[in-house]
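Computed from a predicted structure; not experimentally measured. Indexing begins at 1, ligand by ligand and atom by atom, following the structure's order.
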Amino acid sequence: MTMRYVQEFRDGAAAQVLAHRIERASSRPVNLMEVCGTHTVSIFRHGVRGLLPPPVNLLSGPGCPVCVTTNADIDKAIALAGQNGVTLATFGDMMKVPGSYQSLQQAKADGADVRVVYSARDSVRLARDNSQRSLIFFAVGFETTAPTIAAALLEAEQLGLTNFYIFSVHKLVPPAMIALLESREVRIDGFICPGHVSVVIGSQPYEPIARRYGVPCVISGFEPLDVLQGIEMLLRQIGEGRSEVEIQYSRGVRPEGNPLARELMYRVFEERDADWRGLGCIPGSGLKLRPQYRAFDAEEAFAVKPPPTKEHRGCLCGDVLRGVITPPQCPLFAKACTPEKPIGPCMVSSEGTCAGWYQYGSSS
Ligand code: SF4
């Protein structure tokens, strides 16, 4: 099925054709996991679940960068924002996410100078225009945003800024997928691999998942027909006993990814172990600034001691992010926890699984 224009990727008749193909290709119960917040939203918004036969179960994994950021890291960001002369800038999605005691939004209401920016470059401009203050950019995201953060840091260096810092909690997606498989907590028969992340990293980083763990991977686009076609490709692999990395999203992803973006990312960052909400510490899954950029590292420049971390009582976001439960299985879902009064990040973020279930319901 060849599609070119966005309307074609949302065509109802074509979706039905794909749904029939999926039904024919579905031979046994399977769990397919998407690891991308944009996929999660698309699946809910377009009612993809409702088009699938009962044996095909979709699980949402740790694909929302805001959701996987730990309380400890949010607490540290709040502590950094509370330093004299500091302005902390971050993306809007992070503002409402509760840390152990409060969110950045609450810290701002209490007097901390916290700003929402639309890009890392905006935070460089803020630093340039407010040279008497220290500007810390709270960098949350996956491989998709890391190259843009790297470019912003290089711009700050070129401008000679000495008041620009980065607090990086950036994470890498493939190590988290492997951690999920290693834990054997949930059976995963196939991965719908993230599109935007794969634009940068290409298909190679998923090869160990397909070869070593025998789990088929399909890099899919975000329109409903992309997702359905990606599911059909996974079911074909499963039916034929293959486990390979295939690219459904060929209009956006090349097997080699974007080498320039990766070069930029690794010029500035190096890998480190990182803590994920729900998954704990995953080796080599985070990005920290290389030693030559230490002067820009907020963790080096500001010694903060946040209060002891605590988790939100009763919130099962960690289980949701591992695909162990669906949001309605959390006792707080749609009762104590709603998008208006969220208790955990999965209900706050527009890409959060709990927010998706709340808005669109289980039939989506
Ligand atoms: Fe956490 Fe709320 Fe989701 Fe429950 S419904 S897991 S409390 S975000």
Side-chain angles (χ1 to χ4, degrees), residues 31-45 47-49 57-78 90-107 138 140-142 169 171 173 176-177 179-180 183 185-186 188 194 274-282 308-364:
N31 288 330
L32 307 180
M33 177 177 273
E34 97 269 353
V35 200
C36 169
T38 315
H39 280 145
T40 306
V41 172
S42 178
I43 287 165
F44 280 119
R45 182 174 295 152
V48 170
R49 276 195 177 82
N57 183 34
L58 293 188
L59 301 172
S60 294
C64 155
V66 166
C67 305
V68 298
T69 301
T70 60
N71 279 9
D73 284 335
I74 297 167
D75 297 345
K76 195 181 271 186
I78 291 170
T90 193
F91 296 132
D93 260 12
M94 272 319 293
M95 291 296 285
K96 279 196 198 164
V97 181
S100 300
Y101 303 93
Q102 60 177 179
S103 64
L104 282 164
Q105 192 172 56
Q106 288 160 336
F138 183 26
V140 176
F142 294 142
V169 299
K171 294 182 173 61
V173 172
M177 294 163 72
L180 281 171
S183 78
E185 201 176 9
V186 176
I188 300 169
D275 287 325
W276 294 58
R277 186 186 299 276
L279 284 93
C281 183
I282 303 177
T309 306
K310 63 182 174 94
E311 296 305 320
H312 313 301
R313 256 180 79 188
C315 173
L316 300 180
C317 270
D319 293 346
V320 171
L321 290 165
R322 295 195 308 281
V324 175
I325 64 163
T326 57
Q329 291 173 276
C330 169
L332 306 184
F333 178 78
K335 297 182 187 102
C337 182
T338 64
E340 291 73 41
K341 265 188 87 182
I343 289 178
C346 300
M347 189 61 94
V348 177
S349 169
S350 54
E351 295 189 344
T353 309
C354 297
W357 277 80
Y358 186 89
Q359 194 175 352
Y360 298 102
S362 57
S363 62
S364 47

Inset, instruction - Tell me the protein N, O or S atoms under 2.8 Å from atom 4 (Fe) of ligand 1, in chain and number order. - result: C330 SG
Legend entry - Non-neighbouring partners of R277 that pass salt bridge (Lys or Arg N to Asp or Glu O under 4.0 Å), sequence neighbours left out: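 Residues passing salt bridge (Lys or Arg N to Asp or Glu O under 4.0 Å) with R277: E311.
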Inset, instruction - Assess the side chains of S100 and D75: does a donor N or O sit below 3.5 Å from an acceptor N or O? - result: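 The answer is yes; a qualifying pair exists.
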Output a table of donor-acceptor pairs, distance under 3.5 Å, between side-chain atoms of residues 31-43 and any protein atom two or more places apart or on a different chain; print 'none' if there are none.
unit_1	atom_1	unit_2	atom_2	d
N31	OD1	N57	ND2	3.0
N31	ND2	R187	O	3.0
E34	OE2	T40	OG1	2.7
E34	OE2	S60	OG	2.6
H39	NE2	S220	O	3.1
H39	NE2	G221	O	3.0
T40	OG1	C36	O	3.0
S42	OG	F222	O	2.5

Inset, instruction - Mind telling me whether W276 and F142 have parallel, tilted or perpendicular rings, with 30° and 60° as the class edges? - result: parallel
Inset, instruction - Mind telling me whether F44 and Y360 have parallel, tilted or perpendicular rings, with 30° and 60° as the class edges? - result: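 Parallel, since the angle between the ring planes stays under 30°.
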Inset, instruction - Could I get the full list of ring-ring contact (aromatic ring centres under 6.0 Å, His included) partners for F138, not counting sequence neighbours? - result: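 If we apply the ring-ring contact (aromatic ring centres under 6.0 Å, His included) test to F138, skipping adjacent residues, the hits are F167.
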